[in-house]
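Worksheet for the structure shown next.
For the numbers below, each heavy atom of this structure counts, side chains included, while hydrogens, waters and symmetry mates do not.
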Amino acid sequence: MALSSPVLKRSETIADTMPDALRESRYHMKRCFLKYVEKGKRVMKVHQLMDEMEKVIEDKAERSQLLEGLLGYILCTTQEAAIVPPDVAFAVRPSPGCWEYVKVNSNDLSVDGISAAEYLKFKEMSVDENWAKDENALELNFGATDHSLPHLTMPSSVGNGIKYVSKFLTSKINSPRTAQSLVDYLLSLNHQGEKLMINDSINTVSKLQAALMVAKAALSKLPRETPFQSFEMRFKEWGFEKGWGDNAERVEEMMHSLSEILQAPDPLNIEIFFGKLPIIFKVVLFSVHGYFGQFDVLGLPDTGGQVVYILDQVVALEEELLLRIKQRGLNAKPQILIVTRLIPDAKGTKCNVELEPVAKTKHCHILRVPFNTENGVLQQWVSRFDIYPYLERFAQDASKRIIEVMEGKPDLIVGNYTDGNLVASLMASKLDTTLGTIAHALEKTKYEDSDIKWKELDPKYHFSCQFSADLIAMNSADFIITSTYQEIAGSHDRPGQYESHTAFTMPGLYRVVNGINVFSPKFNIASPGADQTVYFPYTQKEERFSEFGPSIEELLFSDIQNTEHIGHLEDKTKPIIFSMARLDTVKNLAGLTEWYGKNKRLRGLVNLVIVGAFFDPSKSKDREETSEIKKMHSLIEKYNLKGQMRWIAAQTDRKRNGELYRYIADTRGAFVQPALYEAFGLTVIEAMNSGLPTFATSQGGPAEIIVDGVSGFHIDPFNGDESSNKLADFFQKCKEDPEYWTRISLQGLQRINECYTWKIYANKMLNMGCVYGFWRKLYDKEREAKMRYIQMFYNLEFRRLVSNMTVKEQPPQQEEPKEKPKQLLRKRTSKVTFWRMLGLC
């Protein structure tokens with residue numbers, strides 16, 4: 001409920017103000033709370049609280065007056081309530097990331113503030129009373145060792161971790177301990193054993209400051225373009241090594257930045273200086289599940305936007321690394337490995353190739369490592385929900401293989417999704433390497449009450465393992481990359497994906513009283529882009545992939561029904577609304593199909609094209625996909641859509657998909673992304689890059705990408721009638737004013753070019769790797785304490801959960817990978833010794 005002015009003073013808590021709020025209408029409130037408790041123990045969502053209040057206070061004017069006051073504010077910021085008669089316990093979220101818990105006695109309306117743990121016990125009473133009352137129930141507090149660590153305080157600052165760290169370092173760098181830590185950190189920098197930046201003759205702050213003064217004076221007399229090699233030997237005598245820059249100008253800039261940091265630091269200067277340090281040369285990215293490949297994989301089970309994200313990401317990372325290395329005056333080449341699972345039964349893809357160069361790069365490769373089991377190599381694809389028994393062994397095998405290929409440890413490890421993040425955290429912990437994680441999608445927020453109902457869902461989804469793995473990875477990470485603010489802390493009305501892990505319970509398993517702090521400086525927003533050589537505006541006629549024209553024409557308009565497309569479009573002159581995604585519950589393609597089927601006005605204006613999965617449910621190994629395929633067939637029959645809808649099987653050719661977006665734009669159509677929740681939405685970026693007006697879910701990242709009504713439109717996936725009418729209104733307006741379509745198209749393109757490019761992303765990510773590399777050294781004792789807590793949880797709880805999983809394992813057939821590129825299998829004289837030094841064997 002929107003209020004015209006703030007109700008609570010900053011110093012007041014809900015527990016302080018709720019008694020006054022209840023006294024505003026004690027008679028109605030007494031009746032209302034008695035209504036809440038009359039059905040016994042239960043958990044109620046805010047809409048249920050409001051519905052029952054409406055039954056008690058029948059007079060609309062009285063109810064409105066009550067809700068316009070303090071009580072209305074409290075109820076509208078309540079996320080849920082746990083009922084244990086005579087008490088009603090509220091979980092209140094006044095602002096993103098901020099939670100308060102109170103209980104109200106229904107008999108006398110007395111109010112008490114309670115802790116997160118106490119609230120969770122109330123919640124558990126409706127599911128497992130014995131466990132809720134068990135004094136020895138396992139409680140997890142991952143913040144127990146964080147008391148001395150700095151953190152943000154304002155919800156508006158969430159996600160600006162690197163800026164906060166830079167500001168905090170500004171205030172700390174003048175202390176002798178921190179300044180000396182910086183000197184020690186610079187002394188530790190090297191590349192393949194060669195010293196960088198400074199040598200042992202500069203081992204104190206005073207020596208460094210004195211040497212900088214001498215060097216800067218010498219540099220002031222040199223022409224700006226003088227190569228570093230011309231004065232390298234003289235600088236070496238003063239204690240300086242390579243890495244400052246490739247010419248006198250860049251060396252002087254870097255030295256000036258460091259002098260300023262030591263004397264009068266400012267946040268921007270600190271971020272720039274650390275971002276330029278030659279720290280990162282070797283990067284490993286983990287993406288374990290699904291079919292990870294460059295061709296013919298999109299649309300296969302568990303294989304979608306994450307693959308595209310990483311492949312585009314590494315192209316930009318390599319380009320940025322090459323530029324940085326060159327500007328630092330170093331003769332080195334970066335190495336980037338995408339580490340995934342090798343699948344012998346590769347379904348015609350290259351997922352059984354061990355090492356594969358990444359297109360458009362010179363120094364990036366996909367390294368595939370098999371799932372080794374007691375019976376040998378696992379041959380088949382494994383669902384992302386069933387993957388956990390294989391991950392520990394995979395982490396060990398992958399670590400050894402990475403070190404062999406890279407001839408040393410990586411400088412930065414980045415995980416992707418739950419499985420990749422867990423493996424990355426295991427490897428980073430073993431090697432003491434800077435760790436970044438990217439969730440892409442945390443499953444906990446996709447399925448309502450998936451924590452408290454975990455026992456019902458565990459046989460199908462193994463959420464006990466998944467949520468535990470997520471807690472391990474997010475708390476192990478030095479920095480966390482998210483695509484949007486909503487991914488971290490949600491919106492005013494809805495908690496974020498990470499925020500949902502702040503406090504939750506899985507009755508009978510464990511109670512999380514502090515899972516993650518969204519105000520931690522480890523959180524950073526870095527939004528990805530799209531490959532603009534593939535996804536570019538439909539108006540760029542000369543660059544378009546015209547060779548795909550006939551096949552796209554056949555794909556959309558042929559009357560033939562086959563394994564690639566079913567249904568047909570009788571009126572080929574209509575614009576097309578188009579959606580492309582995996583066929584699962586959350587992506588909601590069946591929901592879009594039903595919206596279209598029910599809206600006669602929309603059906604009269606446009607055709608519908610859906611791209612996803614395939615048509616025979618018996619061919620799918622994914623439980624959700626099978627169910628959704630059956631639902632799609634049912635909806636097509638129910639609404640008789642065969643003359644107005646085309647269902648196309650999943651398409652894996654990115655270039656043809658790029659041209660498909662533009663072909664839809666040629667029809668003056670639109671792209672629709674109807675997901676129940678979307679962490680980011682790469683297809684939204686792709687569509688807008690192609691100049692296609694885009695309608696996207698209001699739940700999650702797309703709400704930040706699109707400015708509603710300006711660069712596209714938000715749609716509510718839980719209100720199909722409203723969403724389908726919004727689509728119909730748009731096309732009716734375009735029919736009356738054709739320039740309206742063009743205006744939305746151009747404004748969408750402008751939004752993308754201003755905010756969402758891979759170059760910006762790569763720069764941010766590498767800066768994080770550099771800044772947090774120093775940050776983790778500065779707080780090494782606190783970090784060590786936290787890692788001990790995490791390791792205890794991993795060994796005592798997570799491994800037990802994994803061992804209890806029932807996994808059907810096909811008898812493996814011994815099969816060698818198709819290819820094994822020899823050029824990267826370098827011989828190493830002391831491989832086993834090196835592994836032992838790293839604790840890997």
Side-chain angles (χ1 to χ4, degrees), residues 149 161-166 168-169 181-182 184-192 196-197 243 270-271 273-287 310 313-314 317 320-321 324-325 328 332 334-339 395 398-399 402-403 406 408-416 420-439 472-482 520-524 526 761-787 790-791 838-840:
L149 292 174
I162 195 168
K163 286 184 170 55
Y164 176 83
V165 167
S166 299
F168 190 80
L169 288 175
S181 295
L182 175 56
D184 294 340
Y185 184 66
L186 294 175
L187 279 167
S188 72
L189 300 183
N190 72 89
H191 178 59
Q192 296 182 340
L196 298 175
M197 302 303 290
I270 284 177
E271 186 176 343
F273 175 77
F274 277 99
K276 289 181 178 179
L277 283 177
I279 297 171
I280 300 174
F281 300 89
K282 299 175 182 179
V283 180
V284 168
L285 300 102
F286 280 101
S287 179
I310 294 169
Q313 177 192 50
V314 296
L317 281 176
E320 183 66 22
L321 277 172
R324 291 183 179 210
I325 291 168
R328 292 307 101 214
Q335 284 180 278
I336 301 176
L337 285 180
I338 303 168
V339 184
S399 297
I402 289 163
I403 289 166
M406 285 188 155
K409 296 187 342 181
D411 305 306
L412 175 63
I413 298 173
V414 179
N416 291 272
N421 287 336
L422 180 67
V423 172
S425 67
L426 293 174
M427 182 177 180
S429 175
K430 184 71 74 174
L431 301 184
D432 191 27
T433 303
T434 304
L435 171 66
T437 61
I438 306 171
I472 290 165
M474 65 179 69
N475 281 285
S476 299
D478 296 301
F479 64 90
I480 296 172
I481 295 178
T482 70
S520 167
K522 68 171 61 180
F523 283 102
N524 290 273
Y761 177 98
N763 183 62
K764 284 183 177 181
M765 182 177 177
L766 291 175
N767 282 353
M768 290 176 212
C770 294
V771 172
Y772 287 96
F774 175 62
W775 183 255
R776 71 196 298 272
K777 298 292 184 186
L778 197 61
Y779 287 96
D780 56 342
K781 287 185 173 57
E782 292 84 353
R783 188 177 178 281
E784 182 181 351
K786 185 155 197 167
M787 289 309 298
I790 292 168
Q791 286 162 6
L838 296 169
L840 291 171

* **Criterion ring pair (Phe, Tyr, Trp, His ring centres under 6.0 Å) against Phe479, the qualifying member of Tyr164, Tyr772, Trp775** =>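 With Phe479 as partner, Tyr164, Tyr772, Trp775 yield a single ring pair (Phe, Tyr, Trp, His ring centres under 6.0 Å), made by Tyr772.
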Nearest 0.5 Å, please: how far is [atom2] in [Y] from [atom1] in [X]?
| X | Y | atom1 | atom2 | value |
| --- | --- | --- | --- | --- |
| Lys282 | Lys409 | NZ | NZ | 10.5 Å |
| Ile438 | Ile480 | CD1 | CD1 | 10.5 Å |
| Asp411 | Gln335 | CG | CD | 9.5 Å |
| Ser181 | Tyr779 | OG | OH | 10.0 Å |
| Ile279 | Leu196 | CD1 | CG | 10.0 Å |
| Ile336 | Ile310 | CD1 | CD1 | 12.0 Å |

[X] to [Y] - nearest heavy-atom pair and separation:
| X | Y | result |
| --- | --- | --- |
| Arg783 | Ser476 | NH2-O, 4.1 Å |
| Ile325 | Ala332 | CG2-O, 3.5 Å |
| Phe286 | Gly420 | CB-O, 3.6 Å |
| Gln791 | Ser429 | NE2-OG, 3.3 Å |
| Ala428 | Leu435 | CB-CB, 3.8 Å |
| Lys163 | Glu271 | CG-OE1, 4.3 Å |

* Could I get the full list of side-chain contact (heavy atoms from CB on, under 4.5 Å) partners for Ala526, not counting sequence neighbours? =>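 Per chain and number, Ala526 pairs via side-chain contact (heavy atoms from CB on, under 4.5 Å) with Ile481, Tyr761, Lys764, Met768.
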Any side-chain to backbone donor/acceptor pair from [X] onto [Y]? Under 3.5 Å, distance only.
| X | Y | answer |
| --- | --- | --- |
| Arg324 | Asn763 | yes |
| Asp478 | Gly436 | no |
| Asn475 | Ala473 | no |
| Asn190 | Ser188 | yes |
| Ser399 | Ala395 | yes |
| Asn416 | Ser287 | no |
| Ser425 | Leu422 | yes |

Side chain proximity check, [X] to [Y], heavy atoms < 4.5 angstrom:
| X | Y | value |
| --- | --- | --- |
| Ile413 | Thr434 | no |
| Thr433 | Leu412 | no |
| Ile270 | Val771 | no |
| Ile403 | Leu431 | yes |
| Gln313 | Met765 | yes |
| Phe774 | Leu182 | yes |
| Leu277 | Leu186 | yes |
| Val314 | Ile338 | yes |

* Worked verdict on Leu321 versus Leu766 for side-chain contact (heavy atoms from CB on, under 4.5 Å) -> CA-CA 8 Å; Leu321 277 172; Leu766 291 175; 3.9 Å; yes
* To do: Run the numbers on Val339 and Ile402 for side-chain contact (heavy atoms from CB on, under 4.5 Å), then give the verdict.
  => CA-CA 8 Å; Val339 184; Ile402 289 163; 3.7 Å; yes
* Please determine if Glu782 and Lys786 form a salt bridge, counting it only when a charged side-chain N lies under 4.0 Å from a carboxylate O. =>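 Between Lys786 and Glu782 there is no salt bridge, as every charged N stays at least 4.0 Å from the carboxylate O atoms.
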